[in-house]
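Here is the structure we will look at.
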Amino acid sequence: MAKISSDQLGVEPIGKLLIKQAVPASIGILVMSLNVLVDSIFVGNWIGSIAIAAINVVLPVSFFIAALGMAIGIGGSSIISRALGSGEKEKALKTFGNQITLTILVTTSMVALGLYFVNDLIPAFGGKGAIFDPAKIYYTIILYGVPFLALCMMGNTVIRAEGKPKFAMIAMIIPSVGNLFLDYLFIYVFDWGMHGAAWATTAGYLLCFGYILYFFLSKNSELKIGIPHFGLNASILQEIGALGFVTLARQAVTSITYLLMNNILFNLGGEAMVAVYAIIGRMLMFAFFPVFGVTQGFLPIAGFNYGALKYDRVKQSIYTAIKYAAFVATLVFVVLMIFPDAFTSLFLSSRPDLPPEELATNAFVMEHAPMAMRLVFAATPIIALQLIGAAYFQAVGKAIPALLLTLTRQGFFFIPLILILPSFMGELGVWLSFPIADVMATIVTGFYLWKEIKTKLVPRA
């Protein structure tokens with residue numbers, strides 16, 4: 001693979017550059033999303049729909065701890081992109097060293113707390129009734145691998161900040177392919193049930209960590225750090241924290257959303273209703289992969305050119321990213337509106353020897369999930385503006401607006417809606433909360449992005 005310089009982020013045509021950055025990111029996210037999707041299909045068909053609900057309960061806790069690594073990664077990568085753009089190589093190196101130290105310290109501490117409070121956290125996130133035991137098995141094993149996942153998520157953002165999207169793509173593909181192979185081996189061949197599903201996922205994290213470690217030790221990386229770079233620096237930590245808090249806050253709100261949704265839906269329809277949401281959640285992760293890919297590709301381009309004071313290129317990257325993301329989001333919308341039943345049926349076993357309670361759960365899910373899917377994805381074509389707008393402020397180091405816009409959809413609109421609407425509309429109120437929150441958040445984000453472009457991104461003489 002040819003060596004690529006980060007300087008290309010400031011000179012190549014924006015359209016070509018965004019495709020070069022976004023396509024590998026999209027492929028990587030696609031493979032990871034397929035991993036989540038197929039993993040859930042395997043679990044649903046080989047273990048049962050209650051097992052899918054159990055995994056859905058565990059995800060908020062494990063993803064929140066892993067998101068600490070992503071938060072540190074994105075916060076630090078914004079600094080690295082701008083430092084490389086302005087020629088401050090030493091600051092980039094020091095930032096990377098601080099990212100590694102901080103990720104290890106924070107995530108291992110959180111894992112220890114997560115294991116200590118296991119019996120309290122699982123019921124709090126909806127792991128009640130028949131869901132509790134399989135959720136506890138999955139949770140305990142997964143948490144051992146979460147620090148490695150956090151390091152992977154941190155390292156992946158740094159690879160993109162260097163302008164090396166193909167390596168970042170490979171880092172995302174390796175654990176996904178490994179996990180799917182091990183799912184088949186551990187669940188289907190060895191019949192390890194939930195233990196097999198959990199160990200397959202944890203092993204995938206370790207594979208990813210091994211590849212990212214190889215990248216930074218090889219000649220492919222520009223960031224060759226030494227022992228002094230690992231020493232924590234207060235000013236760098238403050239900037240990483242301010243920018244990374246945006247990502248962490250987003251994941252914290254996502255975890256709160258899972259907690260509320262699982263409990264609200266459990267009260268409305270028991271374990272089967274939680275299983276419906278689990279399937280919707282998997283589709284949300286999978287269906288938006290190209291939009292998230294464009295967003296990931298946009299971040300280093302905007303950050304580098306902002307650091308280099310090339311504001312025309314920053315504006316062009318915003319417009320181009322929104323256009324590309326809106327196009328693929330519309331395609332996703334059309335497919336999901338036409339085939340929700342087909343996607344739902346993928347997660348449900350059709351074996352004739354299933355116990356009666358499993359057949360009843362599957363019938364309930366098949367009846368309720370397609371309608372829910374259509375409502376949840378009803379505003380999909382407009383989410384591009386929302387995602388790119390929030391990503392812009394994070395990419396250029398403006399922590400406060402980035403934080404507020406990131407929290408707009410779920411924190412300011414969605415959570416209040418799911419607390420209010422189900423009281424009047426039941427299950428329908430839960431699913432309607434999704435598109436209403438999307439529309440309101442897009443309007444707010446569009447206003448702030450337009451104001452920023454008109455007043456701040458003015459070419460300098």
Legend entry - Stepwise side-chain contact (heavy atoms from CB on, under 4.5 Å) check, V314 with I301: CA-CA 8 Å; V314 176; I301 301 171; over 6 Å; no
Between [X] and [Y] (side chain of the first, backbone of the second, donor and acceptor by atom type, cut-off under 3.5 Å), is there such a pair?
X: R313; Y: F304; result: no
X: T157; Y: M154; result: yes
X: Q386; Y: A441; result: no
X: S77; Y: V158; result: yes
X: N263; Y: L259; result: yes
X: N233; Y: K94; result: no
X: S221; Y: L217; result: no
X: T101; Y: F230; result: yes

Could you pull out the closest heavy-atom pair between [X] and [Y], with the gap in Å?
X: Y211; Y: F167; value: OH-CD2, 3.2 Å
X: P422; Y: V430; value: CG-CG2, 3.5 Å
X: V276; Y: A369; value: CG1-CA, 3.9 Å
X: V439; Y: A379; value: CG2-CB, 4.2 Å
X: T445; Y: L385; value: CG2-O, 3.6 Å
X: F209; Y: C152; value: N-SG, 3.1 Å

State, with a plain yes or no, whether a side-chain heavy atom of [X] is found less than 4.5 Å away from one of [Y].
X: L149; Y: M153; answer: yes
X: T202; Y: F148; answer: no
X: L299; Y: R160; answer: no
X: V177; Y: L180; answer: no
X: L93; Y: E90; answer: yes
X: Y311; Y: N305; answer: no
X: F96; Y: F216; answer: yes
X: K451; Y: K456; answer: no

Nearest 0.5 Å, what's the [atom1]-[atom2] distance between [X] and [Y]?
X: L265; Y: I418; atom1: CG; atom2: CD1; value: 8.5 Å
X: Q296; Y: L387; atom1: CD; atom2: CG; value: 10.5 Å
X: L417; Y: Q410; atom1: CG; atom2: CD; value: 12.0 Å
X: L232; Y: L105; atom1: CG; atom2: CG; value: 6.5 Å
X: E222; Y: K164; atom1: CD; atom2: NZ; value: 4.0 Å
X: I236; Y: N98; atom1: CD1; atom2: CG; value: 5.0 Å

Legend entry - Residue pairs, two or more places apart or on separate chains, that pass salt bridge (Lys or Arg N to Asp or Glu O under 4.0 Å) and touch residues 379-400: K398-E452
Inset, instruction - Please list all pairs passing the salt bridge (Lys or Arg N to Asp or Glu O under 4.0 Å) test where one or both residues lie in residues 300-310, with sequence neighbours left out. - result: none
Legend entry - F377 and F333 aromatic centres sub-6.0 Å: no
Inset, instruction - May I have all residue pairs that pass side-chain hydrogen bond (donor to acceptor under 3.5 Å, both in side chains) and include part of residues 329-347, sequence neighbours excluded? - result: none
Legend entry - Inter- and intrachain pairs under side-chain hydrogen bond (donor to acceptor under 3.5 Å, both in side chains), touching residues 364-382, at least two apart: H368-E427
Inset, instruction - Would you kindly say whether Q394 and S78 are connected by a side-chain donor-acceptor distance under 3.5 Å? - result: no
Legend entry - By side-chain contact (heavy atoms from CB on, under 4.5 Å) - contacts of L404 (at least two apart): I400, F412
Inset, instruction - Could you pull out all residues at least two apart from T107 that satisfy side-chain contact (heavy atoms from CB on, under 4.5 Å)? - result: I65, L68, T103, P147, A150
Inset, instruction - Determine whether more than 12 heavy atoms belonging to other residues, nucleotides or ligands lie under 6.0 Å from atom CZ of F245. - result: no
Inset, instruction - Evaluate whether atom CZ of F215 has more than 12 neighbouring non-hydrogen atoms of other residues, nucleotides or ligands under 6.0 angstrom away. - result: yes
Legend entry - Parallel, tilted or perpendicular: rings of F434 and Y277 (30°, 60°): tilted
Legend entry - Criterion side-chain contact (heavy atoms from CB on, under 4.5 Å) on Y392 and K315, from CA distance to verdict: CA-CA 10 Å; Y392 160 78; K315 285 196 292 185; over 6 Å; no
Inset, instruction - Decide yes or no on side-chain contact (heavy atoms from CB on, under 4.5 Å) for T108 and V111, but give the supporting numbers first. - result: CA-CA 5 Å; T108 53; V111 166; 5.7 Å; no
Inset, instruction - Show your reasoning for whether side-chain contact (heavy atoms from CB on, under 4.5 Å) applies to I174 and I170. - result: CA-CA 6 Å; I174 287 175; I170 294 172; 3.8 Å; yes
